[in-house]
Amino acid sequence: MKLNTKDIVSIALFTALYTLISMIAMGVCSMFGIIGHAVSPGFMHLFGGPVIYFMAHKIGKMFQFTFMTLLMCGIFSLMGAAYLPWFISLLVTALIADFMCSKTNKPNTLSLAIANGLMGVGSALGSIIPSVFFAEKFKADWVARGQTADYMDATIKAASGTSGLIVIVVVFVLSFLGIYLGQILLKKHFKQN
């Protein structure tokens with residue numbers, strides 16, 4: 001099933017709503033410092049889960065998550081907040097989510113929850129991968145964008161080693177639960193599967 005014009009417009013609207021939810025979640029998480037920032041993708045996907053759940057049930061076509069991710073990356077790029085490792089990890093996990101869930105317009109809730117968990121982890125990996133593999137370049141890029149060196153050192157520490165693994169688990173669990181939140185909130189609109 002290919003995306004048609006109506007699907008593309010719908011995904012754009014879902015993306016706008018998801019972006020608003022993400023901005024609120026990131027704003028609240030930022031009040032909790034580095035750890036809040038590190039797990040913010042989990043909260044974005046927890047509270048954005050109902051949007052993903054609704055979109056998957058209303059559109060249910062291949063590349064719906066990938067297109068949404070491309071739009072989100074475009075929005076964040078315009079705000080100066082995008083960078084290549086984040087874009088790549090988001091795109092790869094969105095493609096995996098599409099292959100997992102976009103074969104039917106009534107995806108299995110468990111598969112959708114796992115897919116949302118992977119997309120949340122994809123977002124978190126955007127800072128974990130550069131923190132582990134190119135920490136100095138990652139730090140320099142963000143310092144050039146206005147972050148302090150101390151803040152970036154703390155970010156790299158929170159995204160590396162054991163704490164990075166804990167962040168991945170927390171983000172996956174929160175993102176996974178987001179789909180079940182969507183199922184609860186939207187149970188009157190869709191039959192449970």
Inset, instruction - Check C101, S175, S111 against N116 for a side chain to side chain contact (heavy atoms under 4.5 Å, CB included) and give me the one that passes. - result: S175
Inset, instruction - Kindly indicate whether the side chain of L112, heavy atoms from C-beta on, has any atom under 4.5 Å from the side chain of I52. - result: yes
Legend entry - Heavy-atom pair of closest approach, residues A159 and S163: N-OG, 4.3 Å
Legend entry - CA sep, side-chain torsions, deciding dist, call: I34, K157, side chain to side chain contact (heavy atoms under 4.5 Å, CB included): CA-CA 9 Å; I34 298 298; K157 183 178 178 185; over 6 Å; no
Inset, instruction - May I ask you to test the I88-I129 pair for a side-chain heavy-atom distance under 4.5 Å? - result: no
Legend entry - Sub-4.5 Å side-chain heavy-atom contact between F43 and I21: no
Inset, instruction - State, yes or no, whether a side-chain contact exists between H45 and F176 at a heavy-atom distance under 4.5 Å. - result: no
Legend entry - Partners meeting ring-ring contact (aromatic ring centres under 6.0 Å, His included) with F47 (sequence neighbours left out): none
Inset, instruction - Sequence neighbours left out, what pairs pass ring-ring contact (aromatic ring centres under 6.0 Å, His included) with at least one residue falling in residues 58-82? - result: F76-W86
Inset, instruction - Compare all side-chain heavy atoms of L125 with those of I168 and state whether any distance is below 4.5 angstrom. - result: yes
Legend entry - Any side-chain heavy-atom pair of P85 and F134 under 4.5 Å: yes
Inset, instruction - Kindly compute the distance separating CG (L181) from CG (L174), expressed to the nearest 0.5 Å. - result: 11.0 Å
Legend entry - Reported CG-to-CE distance for the pair L95 and M62, which is rounded to 0.5 angstrom: 7.5 Å
Legend entry - Stepwise side chain to side chain contact (heavy atoms under 4.5 Å, CB included) check, F138 with S127: CA-CA 8 Å; F138 181 57; S127 64; 4.0 Å; yes
Inset, instruction - Kindly compute the distance separating CG (D7) from CE (M55), expressed to the nearest 0.5 Å. - result: 10.5 Å
Legend entry - Partners meeting side chain to side chain donor-acceptor pair (under 3.5 Å) with T66 (sequence neighbours left out): D98
Legend entry - D141/K137 salt bridge by N-O under 4.0 Å criterion: yes
Legend entry - Atom of M44, atom of M26 and distance for their closest heavy-atom approach: SD-CG, 3.6 Å
Legend entry - Side-chain touch H57/P107, heavy atoms, less than 4.5 angstrom: yes
Inset, instruction - Treating Ile, Leu, Val, Met, Phe, Trp and Tyr as nodes and any side-chain heavy-atom pair under 4.5 angstrom as an edge, say whether I11 and L186 lie in one connected cluster. - result: yes
Inset, instruction - Indicate yes or no: at least one non-hydrogen side-chain atom of M119 is less than 4.5 angstrom from one of M68. - result: no
